[in-house]
Amino acid sequence: MKRNVAIVGGGQTYHAARRHDVDQVEMVNEAVRRALDDAGMTIDEIDTVFLGNMEFFEGVHMTDCWLVHGTGAYGKPGLKITTGGTVGATTVCVGAHHIASGLFDKALCIGFEKQEEGDTGAILSGVAHPLWGRSLAGAAVGYFATMGSSYMATWGATEEHSAMVAVKARQNARKNPYAHLKLDITIEDALNSRMLSYPIRMLDMCPASNGACAMVLADEKTAKKRCKKPVWIRAMDTAHNEQFELDWRFVDTKRPIFSKVCAARMYKKLGVKKPAEYFDVFEVYEPATWAELIWYEDLGLCGPGEGFRLVEKGMTNIDGPIPVNPSGGVLSTNCIGASAMLRVWEAALQIRGDAGGHQVPKDVRRALTTGYGGTNWTVMTALSKTLDD
Amino acid sequence: MEEIKHYEPFEVDQHLTANSRYYAGRMGSRFYVALRDQQKILGAKCPKCNKVLWPPRSTCQVCFSELTETVEIGPLGTVETFTVVTYNEPVQPRKAPFVYAVIKLDGADTGMAHFLDEVDLDEVHIGMRVRPVFARDRKANILDIQYFKPL
Amino acid sequence: MVQKEQEWISIPMTVDVPYRFAAGQYLTKYLVEMRDNGKIFAVKCPRCKRVQLPPRIVCAECHVKNEEWVELAQEGTLVAFTIMYLPLTDPTTGKPHEPPFVYGSVRLDGATSVLDHFVNVEPDMEKVWVGMRMRLVLRPKEQRTGDLSDILYYEPLPGQVRPK
């Protein structure tokens, strides 16, 4: 990058299925004020504002324009980002690019979704091709269900393994005061929860949440002057899949799919040989349990077909050697426009040592986060504690 | 490609239907409850800018202050600008001709867009003094003010 | 002032968006051939040789124009599936598919891509498995409109036994 970029502040709302007490502006403003407080900045110091949110998921368009007083973007340059599930990570990426380029010194990045207000299923069906699958649109659950059936048939995993991921996420969420589904559940509870779409049960899926996250990014000079614990963005990358080729469901595919391609480029940039050792914590975008197991494999934390063994051995627990989603992840909180940003922000909190109850019990110097969405694409972000890490 | 010539262009008509429910939040709820129950119109006061904003909001976009105070504005106001709509389109709430006006209510610093009725189309002018006509059956939405009309 | 409990106001809205969608040259050929002649066509990339469904003008991996048309067999292998227990609304008609039903990805013989559709089999884990051989069933010609719903479903080829 032309200039180093740091995360110098951030904040989030609590996440819940109901937020009748606030309109979208008021909810977003909660996260913005927390982020500015955390950064020790006023809105006047912010050069530019980027807002991430899914178009029409709340039944409204152009939220960048009409939330302008709550976001603090009034009179400032900025952009609206709408890239599906990755939107929050893309928004951070866009903010970081603008600072790295030298165009701005301080950027405010915001992601939000007020899912209860809209018709996510109907609007999501608009992602499907009008003549090639829209009439069959099976919602996200159908996609992840076929992924799960393929994973089990190919590698010999069982429903117990997905249940382990479901339990890990919700038990971690109980340590995170902002998380939506703080459930004290067991593997048995997960296995007995209602079948939605075999092999996906209710507790295998993410909730529909309302919430917002905001982050302040700054250039190196500003970060060193203004911030006690800057977290450095060391690498970012984005990779798409081909439309119609939903390879993530065929877990033994040899084709260069988005997740593996993106990870390989990230590791090359950073000189990573053993990602499970290089990074101290991971925050991945897992709307369903099976997706987390596939992330383990695609990120190279284990070999192909070994993802379910990692969770079986507790390797990815909050106190395990490869902690994944100590925050509770998307399985516990999914306010779509904010979800991928929460991965980055939660990873930054881990590096700062400010994650509180869900802080992983070891020295955290490096973290990797992923976003996931659209017609299969990802945005990855690697963070570090110092520029020497 | 040669063979493509054999196929007529293929198009389909479809539609997407989406339901949503917008929550008015802290300030919005205060505004609509006052309008429905008391026929009062509220604005939000920014003490720092010394402005009264409509629609009421929780943050002043100019100084970023958190706003908590509402003040009653109107009910009388002045036409700031207007248009006479003379064509019909499905998305329009009324049949043409009708008047859209931006009305600055007394005590407010920003305008409200609404209908202007019971008015001679040739008489509408900027600076016209108007008052609201409230709906009898009010449901906490902006049509609890049915329209404005000249004094 | 005595504050009575706050009432939270909300307003329901329904938006109906009509649109006209043009299939384009490649998909038009696919849809018209399926509708009029009951044939399934794919395109083959001249470089990587992937046989792609639905047909598209450019191979995304190789960035070259796809020009070779391949008629596919109407039998294939089930590579992934789900038994859906949620009522699923067809967003183009508003009508629900009544659960439970089986929905799967089938790789037709000769194709690289898969084609997703309903599977006409009992929603029972013992009766459906990855690797099952399938046959594509089209609607009768007079009912076909040039849409993926011209395919009625896949059905298993007879005489198959679930592998241990």
Side-chain angles (χ1 to χ4, degrees), chain A residues 18-33 36-37 41-46 49 54-61 63 65-76 108 114-132 134-135 137 210, chain B residues 7-36 42-70 91 102 108-113 140-142:
Chain A
R18 300 277 173 269
R19 280 306 302 270
H20 297 177
D21 59 318
V22 284
D23 68 357
Q24 291 163 31
V25 192
E26 290 165 345
M27 189 180 78
V28 165
N29 193 245
E30 279 179 25
V32 168
R33 286 187 191 279
L36 290 171
D37 279 353
M41 286 185 191
T42 66
I43 194 69
D44 295 334
E45 294 183 84
I46 299 293
V49 178
M54 278 307 290
E55 197 74 346
F56 214 68
F57 273 24
E58 288 84 5
V60 295
H61 281 303
T63 43
C65 297
W66 71 274
L67 304 190
V68 77
H69 47 296
T71 62
Y74 177 75
K76 294 185 196 293
L108 175 64
K114 207 154 180 252
Q115 276 217 64
E116 67 173 318
E117 298 199 358
D119 198 340
T120 309
I123 299 305
L124 256 183
S125 73
V127 176
H129 191 289
L131 289 165
W132 194 266
R134 187 168 293 181
S135 60
N210 299 313
Chain B
Y7 300 95
E8 290 291 312
F10 192 99
E11 291 181 305
V12 287
D13 291 313
Q14 297 181 344
H15 68 102
L16 271 183
T17 304
N19 299 305
S20 61
R21 179 173 283 276
Y22 176 78
Y23 281 86
R26 276 195 299 274
M27 277 295 193
S29 293
R30 271 159 76 176
F31 169 79
Y32 284 117
V33 168
L35 179 63
R36 180 191 63 195
L42 301 182
K45 179 154 192 188
C46 177
K48 202 168 157 193
C49 300
N50 199 26
K51 300 267 188 205
V52 174
L53 308 170
W54 189 91
R57 62 205 69 179
S58 296
T59 300
C60 171
Q61 72 268 32
V62 176
C63 70
F64 212 59
S65 295
E66 284 193 88
L67 308 182
T68 53
E69 188 188 346
T70 50
V91 73
V102 175
D109 290 289
T110 59
M112 172 194 287
N141 66 47
I142 197 62

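These values consider heavy atoms only, across backbone and side chains, with no hydrogens, waters or symmetry-generated copies. Everything quoted here is computed from the prediction, not taken from an experiment. Residue numbering restarts at 1 for every chain, and letters A, B, ... go by the order of the sequence lines.
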Asks: Have a look at B:F64 and tell me which of A:D44, A:L36, A:T42 forms a side-chain contact (heavy atoms from CB on, under 4.5 Å) with it.
Replies: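 The passing option is A:L36.
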Asks: Of all the heavy-atom pairs spanning B:S20 and A:G118, show the shortest one and how long it is.
Replies: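 Scanning both residues completely, I find the closest heavy atoms to be CB-CA, 4.0 Å.
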Asks: Any idea how A:W66 and B:Y22 line up, ring-wise: parallel (<30°), tilted (30 to 60°), or perpendicular (>60°)?
Replies: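 The rings of A:W66 and B:Y22 sit tilted, inter-plane angle from 30° to 60°.
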Asks: What part of A:F56 gets within 4.5 angstrom of chain B, counting heavy atoms only: side chain, backbone, both, or neither?
Replies: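 The side chain, not the backbone.
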Asks: Can you measure from OH (B:Y23) to CZ (A:R18) and round to the nearest 0.5 angstrom?
Replies: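 B:Y23 OH to A:R18 CZ: 7.0 Å, rounded to 0.5 Å.
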Asks: Quick one: CD on B:Q61 to OG1 on A:T71, what's the gap to the nearest 0.5 Å?
Replies: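 With rounding to 0.5 Å, CD (B:Q61) is 10.5 Å from OG1 (A:T71).
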Asks: Is A:D21 close to chain B through its backbone or its side chain, or both, or neither, when contacts mean heavy atoms under 4.5 Å?
Replies: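 A:D21 touches chain B through backbone heavy atoms alone.
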Asks: When you measure from the side chain of B:Q14 to the backbone N and O of A:L131, does any donor-acceptor pair fall under 3.5 Å?
Replies: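 No, the answer is negative, given that no donor and acceptor are paired below the 3.5 Å cut-off.
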Asks: Chain B: which of A:K114, A:Q24, A:R33, A:E58 shares the most heavy-atom pairs with it under 4.5 Å?
Replies: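 Heavy-atom pairs under 4.5 Å are most numerous for A:R33.
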Asks: Could you tell me which residues in residues 42-57 of chain B have at least one non-hydrogen atom under 4.5 Å from a non-hydrogen atom of chain A, sorted by residue number?
Replies: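 Those residues of residues 42-57 of chain B which have a heavy atom under 4.5 Å from chain A are B:R57.
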Asks: Side chain from CB out, backbone as N, CA, C, O: work out which of these in A:V22 comes under 4.5 Å of a heavy atom of chain B, or both, or neither.
Replies: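 Looking at A:V22, backbone and side chain both touch chain B.
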Asks: Over all heavy atoms of both residues, which pair between B:T17 and A:D119 is shortest? Give the atoms and the distance, please.
Replies: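 Distance-wise, the nearest heavy atoms are O-OD2, 4.1 Å.
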Asks: Using a 3.5 Å distance criterion without hydrogens, assess whether the side chain of A:D23 forms a donor-acceptor pair with backbone atoms of B:G25.
Replies: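 Here the side-chain-to-backbone pair does not exist.
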Asks: Is B:A18 in contact with chain A via its backbone, its side chain, both, or neither, using a 4.5 Å heavy-atom distance?
Replies: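 Both the backbone and the side chain of B:A18 come within 4.5 Å of chain A.
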